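As the structure is a computational prediction, the values presented were derived from the model and not from experiment. Sequence lines set the chain letters: A, B, ... in the order given, protein chains first and strands last, and positions in each chain run from 1.
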Amino acid sequence: MPELPEVENVRLTLQNILPKGSRFKNVQLNRPDLRFPFPDKLAEKLKGQTLLDIRRRAKYLVFETEKYFLISHLGMTGSWRALEAAETHDHLVWEFENAPTLVFNDPRRFGFISLYEKSVTPSHFVDLGPEPLSDDFHADYLFQVSRKKNTPLKSFLLDQKTVAGLGNIYVCEALFMSGLKPTRKAQSLKQVESVRLVKAIKEILKQAIKAGGSTIRDYKNAEGKSGEFQQRFRVYGREGENCRKCRKPIRMIRQSGRSTFWCSQCQK
DNA sequence: CTCCGATCCTGATGGC
DNA sequence: TGCCATCAGGATCGGA
């Protein structure tokens, strides 16, 4: 489900729901695990903790309390939302002293929650590449890390070590916007092309964040609102439809088990 | 080390 | 209507 723009919108809406200083009153686990077991003694540890900030790194949400970084990954179908009252079949329920109850639900259970003392760097973050919207992500960087990479551009950009936060939708859209063919080897990237590609990635992500992310099927932010960016897709999910630029039919191929959508006329 | 396929899991959808 | 196959926004693991 959620790539960087969706997770960023979940973060923004969570910030509206939970003011800084909200204190955990009760934590209820309705099953022992999601993708991984819930952290040991999660409920006991969180009770009484005060929420200091809600951040995002790549596709991870980071809840900061006095003692902990609590990491939430949404997998494909994970969602946070505010509830008026408790009593629910959701997987995780958080009650606060002075804020609405928050629930996490994840039908496919590819998401997870983990908890770290603040002195520890969460293991999920160790091998992550730069944030795509930060100054650390620039054309020289992308050009350098693409040298000797024999993998297709598509897989290269999906790899969170290259740049952290892109998923299937935004990789397809960024490759279209920059006019690059998804099957090309990463090492074939020219310097001028890496400039175009970095610009396209930043542009697409900014537009998508502003549009509230993309809702293909069931994505909603924490306030229950769907995204709008799917209305502006140029290639994703448009197999057989005409390219908005050249009118040639959009193609779909399979790369590393994922669908790739692209235009054979516009992308070289 | 690099790269790819298989895998975790449920639910929605389309063909017969 | 019912049943089965296919597909899905992600990340990790193991083998080639």
Requested in this report: Determine the interatomic distance between P on C:dC7 and the same-named atom on B:dG5; round to the nearest Å.
Outcome: 15 Å
Query raised in the report: Is there a side-chain polar atom (N or O) of A:R108 under 4.0 Å from OP1 or OP2 of C:dA8?
Result: no
Report task. Check the side chains of A:E66 and A:T50 for a donor-acceptor pair under 3.5 angstrom, ignoring hydrogens and angles. Result -> yes
**Report entry** Considering all heavy atoms, the nearest A:A139-A:S194 contact
**Finding:** O-OG, 3.5 Å
Report task. Verify the contact: side-chain N or O of A:Y170 to OP1 or OP2 of C:dG9, cut-off strictly under 4.0 Å; return yes or no. Result -> no
Query - C:dG10 phosphate, OP1 or OP2, under 4.0 Å from A:H73 side-chain N/O - result: no
Query raised in the report: Can a side chain N or O of A:N150 be found less than 4.0 Å away from OP1 or OP2 on B:dT2?
Result: no
Query raised in the report: Quick one: is C:dG9 close enough that its OP1 or OP2 comes under 4.0 Å of any side-chain N or O from A:R258?
Result: yes
Query raised in the report: If we require ring centres under 5.5 Å and near-parallel planes under 30°, does A:F110 stack on C:dA11?
Result: no
Report summary line: Taken to the nearest 0.5 Å, the spacing of A:R238 CZ from A:E241 CD works out to 4.5 Å
Query raised in the report: Among C:dG10, B:dC4, C:dT12, which nucleotide sits nearest the side chain of A:N168?
Result: C:dG10
Query - Phosphate contact (C:dG10 OP1 or OP2) by A:Q160 side-chain N/O below 4.0 Å - result: no
Query raised in the report: Quick one: is A:R109 getting a side-chain N or O under 4.0 Å of the B:dT10 phosphate, OP1 or OP2?
Result: yes
Report task. Report the secondary structure of DNA chain C in dot-bracket form, marking unpaired bases with a dot and bases paired to a different strand with |, and treating Watson-Crick or G-U pairs with both distances under 3.5 Å as paired. Result -> .|||||||.|||||||
